[in-house]
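Structure first, commentary second.
Basis for what follows: all heavy atoms, side chains included, without hydrogens, waters or symmetry-related copies. Every chain is numbered from 1 and lettered A, B, ... according to where its sequence line falls, protein lines coming before strand lines.
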Amino acid sequence: NAGVMQNPRHLVRRRGQEARLRCSPMKGHSHVYWYRQLPEEGLKFMVYLQKENIIDESGMPKERFSAEFPKEGPSILRIQQVVRGDSAAYFCASSPQRQGADTQYFGPGTRLTVL
Amino acid sequence: AQSVSQHNHHVILSEAASLELGCNYSYGGTVNLFWYVQYPGQHLQLLLKYFSGDPLVKGIKGFEAEFIKSKFSFNLRKPSVQWSDTAEYFCAVTQTGANNLFFGTGTRLTVIP
């Protein structure tokens, strides 16, 4: 059973470009979570999605960031018009049930560098 | 405000030394507690978790953690560390029924052979 897959592992963008980060949850998992880890900090929750629904986006910046988890295909975290402060590691996690009753399994992360 | 504190930022130990990493949280109500490990170049892996029951939890690779509710603590321990334990360790907390984990800033452990 493959784990949580994220691609790309490393992404370099220039200021003003768009970044698209992909996450394929573990087989059988229908809950996806995105976290961001800034340098020297712990992971910070961004958004929680189920198939075709955003359940909790309380950690998402109000502008430029969006997330989706379509019926088919991976979850996508999209950052428009990236700025240097967006440079971070972005981790995706999945669980078979809602987090309150289960454990999240993490992907390897995507390291975004904004030049 | 909700928070998770890991007071040790970097710990350096010799092989066979005992390890204790502190984790304190500031939430009311029922919580679920986790320790994750991130080996160099790898993704986060679950070491152990506490949901309910015996407050002394045993995890993989000889790690254990004790939930002390009165102290809002969930310290990680290992009686004898190995060089392969060199990694970053993250404590995480979620309130029962909540959607997300709150992470501490992590503790980097370096084990010297």
Turns out that what part of B:Glu88 lies under 4.5 Å from chain A's heavy atoms comes down to neither

A:Phe91 CZ to B:Phe103 CZ distance, which is reported to the nearest 0.5 Å: 9.0 Å

Counting heavy atoms not belonging to A:Arg15, are there more than 12 under 6.0 Å from its CZ? no

If hydrophobic clusters are built by linking Ile, Leu, Val, Met, Phe, Trp and Tyr wherever their side-chain heavy atoms come under 4.5 Å apart, do B:Ile60 and B:Leu33 end up in the same one? yes

Give, for atom CG of B:Leu46 and atom CD of A:Gln104, the distance between the pair rounded to the nearest 0.5 Å. 10.5 Å

Answer with yes or no whether the hydrophobic clustering places B:Val93 together with B:Phe63; edges join I, L, V, M, F, W, Y residues whose side-chain heavy atoms lie under 4.5 Å apart. yes

Heavy-atom proximity to chain A below 4.5 Å, by part of B:Leu44: both

Intermediate values then yes/no, side-chain contact (heavy atoms from CB on, under 4.5 Å), A:Tyr35 and B:Leu101: CA-CA 9 Å; A:Tyr35 292 82; B:Leu101 292 164; 3.4 Å; yes

Tell me whether the count of non-hydrogen atoms from other residues, nucleotides or ligands lying under 6.0 Å of CE in A:Met60 goes above 12. yes

Taking everything shown except A:Gln81 itself, do over 12 heavy atoms lie less than 6.0 Å from its CD? no

Between A:Trp34 and A:Ile76, is there a shared hydrophobic cluster once you connect ILVMFWY residues whose side-chain heavy atoms come closer than 4.5 Å? no

Per-residue contact mode, A:Gln6 against chain B (heavy atom under 4.5 angstrom): neither

Straight-line distance of A:Lys44 NZ to B:Thr105 OG1, nearest 0.5 Å: 8.0 Å

How far apart are the C-alpha atoms of A:Thr103 and B:Phe34, what are their side-chain angles, what is the distance that settles it, and do they pass the side-chain contact (heavy atoms from CB on, under 4.5 Å) test? CA-CA 9 Å; A:Thr103 303; B:Phe34 306 80; 3.9 Å; yes

Under 4.5 Å between side-chain heavy atoms, hopping through other hydrophobics if needed: is there a path connecting B:Tyr25 to B:Leu48? yes

For chain B, which residues from residues 107-115 of chain A lie under 4.5 Å away (heavy-atom distances)? A:Gly107, A:Pro108, A:Arg111

Treating Ile, Leu, Val, Met, Phe, Trp and Tyr as nodes and any side-chain heavy-atom pair under 4.5 angstrom as an edge, say whether B:Leu13 and B:Trp35 lie in one connected cluster. yes

